[in-house]
Trainee: 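This structure is in structure tokens; I'll ask about it shortly.
Convention: sequence-line order gives letters A, B, ...; per-chain numbering from 1.
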Protein chains: 2
Amino acid sequence: MRARPVWDEGTKKRLIEAAGEIFALHGFRAATVREICKRANASVSAVNYHFRDKEGLYEAVFEYSHRWAVEKYPHDWGIGAGATPEERFRAFIRSFLLRGLGDGFPAWHGRLLAQETANPSGVLSKVAETIIRPMDEYLDGIVRELVRRENPSRDPDGHSVQLSRMNVIGQCIFQLHARQLLELTGLEHLDRPQIIDLADEITRFSLGGIRAIATAGRSE
Amino acid sequence: MRARPVWDEGTKKRLIEAAGEIFALHGFRAATVREICKRANASVSAVNYHFRDKEGLYEAVFEYSHRWAVEKYPHDWGIGAGATPEERFRAFIRSFLLRGLGDGFPAWHGRLLAQETANPSGVLSKVAETIIRPMDEYLDGIVRELVRRENPSRDPDGHSVQLSRMNVIGQCIFQLHARQLLELTGLEHLDRPQIIDLADEITRFSLGGIRAIATAGRSE
DNA sequence: TATTATTTCGAACAGCTGTTCGAATTTGTC
DNA sequence: GACAAATTCGAACAGCTGTTCGAAATAATA
């Protein structure tokens with residue numbers, strides 16, 4: 001006569017989605033299993049049954065959100081094969097921000113990465129190889145092209161390229177943090193065109209920055 | 001016959017410094033009073049005696065580190081009164097990074113801010129007025145000058161200025177996060193000249209970005 | 001030295017944490 | 001419908017959390 005799991009489509013899936021929101025909001029350590037289960041309308045022991053651990057749940061969340069992210073917003077999102085470096089650069093930033101700010105239901109993908117950046121939990125290293133490294137290498141290729149274009153006379157300086165990459169990612173991740181903070185204090189959600197506008201402005205800013213780095217001498 | 005507090009210069013001060021390190025490392029919520037007291041060689045009840053709360057300790061840490069920061073690395077660090085906007089901009093970024101990456105003993109000041117950015121604890125709002133807002137307004141003035149210089153024909157667009165500010169701060173905070181992560185995985189500490197080099201590269205990048213934003217039309 | 005206030009300590013507290021376990025329930029297969 | 005496997009549940013667990021409290025120790029004052 002008590003709660004029958006009829007109205008749902010799998011406790012497992014509900015747990016992953018609830019956990020994604022909570023983990024993205026509080027980080028791994030501060031998030032509690034009980035809060036997750038409450039949001040998922042499941043008992044606390046369900047986590048251990050389906051995922052063995054709180055950590056196992058965390059990994060599952062990462063895997064789930066990563067699969068969703070690369071499927072819905074791949075790095076070359078919305079552009080063709082023969083696109084210019086600028087276009088690919090813009091597409092990369094757009095998809096990055098849409099992954100973290102969009103209202104698609106697992107919109108917490110980017111914020112998970114942001115949380116891990118601020119407070120690495122140890123689980124990160126397991127998924128870093130499958131999530132962060134490919135992203136970083138993809139961006140590296142674009143930046144190298146941009147630098148080479150700006151200064152064809154010599155090979156891009158690896159140090160400068162790395163710095164430019166970090167600056168771009170830093171701007172994007174800061175947007176995720178700032179938005180999360182602002183929305184908690186009662187700011188409206190950004191809709192899709194606004195996110196794209198924001199992405200394009202960051203693109204413009206970063207292109208200017210990369211040019212400034214590329215055209216300068218190696219050392220001051 | 002037991003531990004006599006002779007060898008120290010005040011439990012209170014030791015607690016604040018130990019707490020600074022731990023809070024900067026784990027954030028407010030994940031840091032534990034017991035770990036702090038262990039590092040400070042004090043009993044757990046000392047926190048409640050001197051600071052009433054864990055939260056009170058946190059506020060004391062902020063106040064302490066803020067006072068240290070503005071004294072040792074003010075925003076106009078190392079430049080004279082009649083400096084150009086570029087020089088003031090560079091000085092701002094240098095002091096920001098030195099506050100968070102330097103090896104001065106409360107080097108955790110910047111990381112505290114970074115932690116609060118990633119996971120606002122509620123205490124932040126109390127200190128935001130005294131720490132973040134002045135910093136933001138100072139930076140705002142510089143960026144406005146830079147934009148006006150680039151495009152004297154019209155007043156700086158407030159939206160663009162805000163975005164440029166966020167981008168600059170985002171790059172700097174990301175450096176703090178990235179460094180903390182890299183150092184945990186066994187990377188060497190940056191020494192002072194390296195930090196200054198890094199600051200100057202970020203300065204160059206950001207100047208290029210600001211110029212790109214300033215010279216572009218308001219809307220695409 | 002006697003007396004008072006300040007500081008420190010360890011033990012104990014209630015509450016929350018992740019996890020385990022057996023019973024109850026649902027689902028799948030014949 | 002009968003049986004077995006998979007799933008869900010609530011209760012209970014040991015461990016850690018921040019905090020409290022009275023006693024012990026120190027410092028200050030006379």
Trainee: In this structure, how many angstroms lie between the C1' atom of C:dC16 and the CZ atom of A:R29, rounded?
Mentor: 15 Å
Trainee: Name every residue in residues 31-39 of chain B that has at least one heavy atom under 4.0 Å from any atom of DNA chain D, in order of residue number, or write none if there are no such residues.
Mentor: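 When residues 31-39 of chain B is checked for heavy atoms under 4.0 Å from DNA chain D, the hits, listed by number, are B:A31, B:T32, B:V33, B:R34.
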Trainee: Sequence neighbours excluded, which residues qualify as salt bridge (Lys or Arg N to Asp or Glu O under 4.0 Å) partners of A:R192?
Mentor: none
Trainee: Applying side-chain contact (heavy atoms from CB on, under 4.5 Å), name anything that partners B:L163, two or more places apart in sequence or on another chain.
Mentor: A:Q175, A:L198, A:E201, A:I202, B:N167, B:I213
Trainee: So, is the end of the B:K54 side chain (NZ or CZ) under 6.0 Å from the ring centre of B:F23 and within 45° of the ring's axis?
Mentor: no
Trainee: Within this structure, what is the CD1-to-C1' distance between B:I22 and D:dT17, rounded to whole angstrom?
Mentor: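 Result: 16 Å.
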Trainee: Determine which pairs satisfy salt bridge (charged side-chain N to carboxylate O under 4.0 Å, His left out) with at least one residue from residues 167-179 of chain B, sequence neighbours left out, and list them in order.
Mentor: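 For residues 167-179 of chain B, and leaving out neighbouring residues, there are no salt bridge (charged side-chain N to carboxylate O under 4.0 Å, His left out) pairs at all.
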Trainee: Which residues pass the side-chain contact (heavy atoms from CB on, under 4.5 Å) test with A:I131, not counting sequence neighbours?
Mentor: A:F62, A:H66, A:L113, A:V127
Trainee: Listed in order of residue number, which residues of residues 47-62 of chain B have a non-hydrogen atom at under 4.0 Å from DNA chain D?
Mentor: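 Only B:N48, B:D53, B:K54 qualify.
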Trainee: Rounding to an integer number of Å, can you tell me how far B:L15 CG sits from D:dT19 C1'?
Mentor: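 Atom CG in B:L15 sits about 15 Å away from atom C1' in D:dT19.
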Trainee: Test of understanding: with salt bridge (Lys or Arg N to Asp or Glu O under 4.0 Å), list the residues that count as partners of B:R39, not counting sequence neighbours.
Mentor: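 B:R39 satisfies salt bridge (Lys or Arg N to Asp or Glu O under 4.0 Å) with B:E21 once adjacent residues are dropped.
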Trainee: Who are the salt bridge (Lys or Arg N to Asp or Glu O under 4.0 Å) partners of B:R165, not counting sequence neighbours?
Mentor: B:D136, B:D140
Trainee: For D:dT8, take OP1 and OP2 only and decide whether either is under 4.0 Å from a side-chain N or O of A:T11.
Mentor: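 Yes.
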Trainee: Which one, D:dC9, D:dT20, C:dT19, comes nearest to the side chain of A:V44?
Mentor: C:dT19
Trainee: Check salt bridge (Lys or Arg N to Asp or Glu O under 4.0 Å) between B:E55 and all other residues, then give those that pass, not counting sequence neighbours.
Mentor: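 B:E55 satisfies salt bridge (Lys or Arg N to Asp or Glu O under 4.0 Å) with no other residue.
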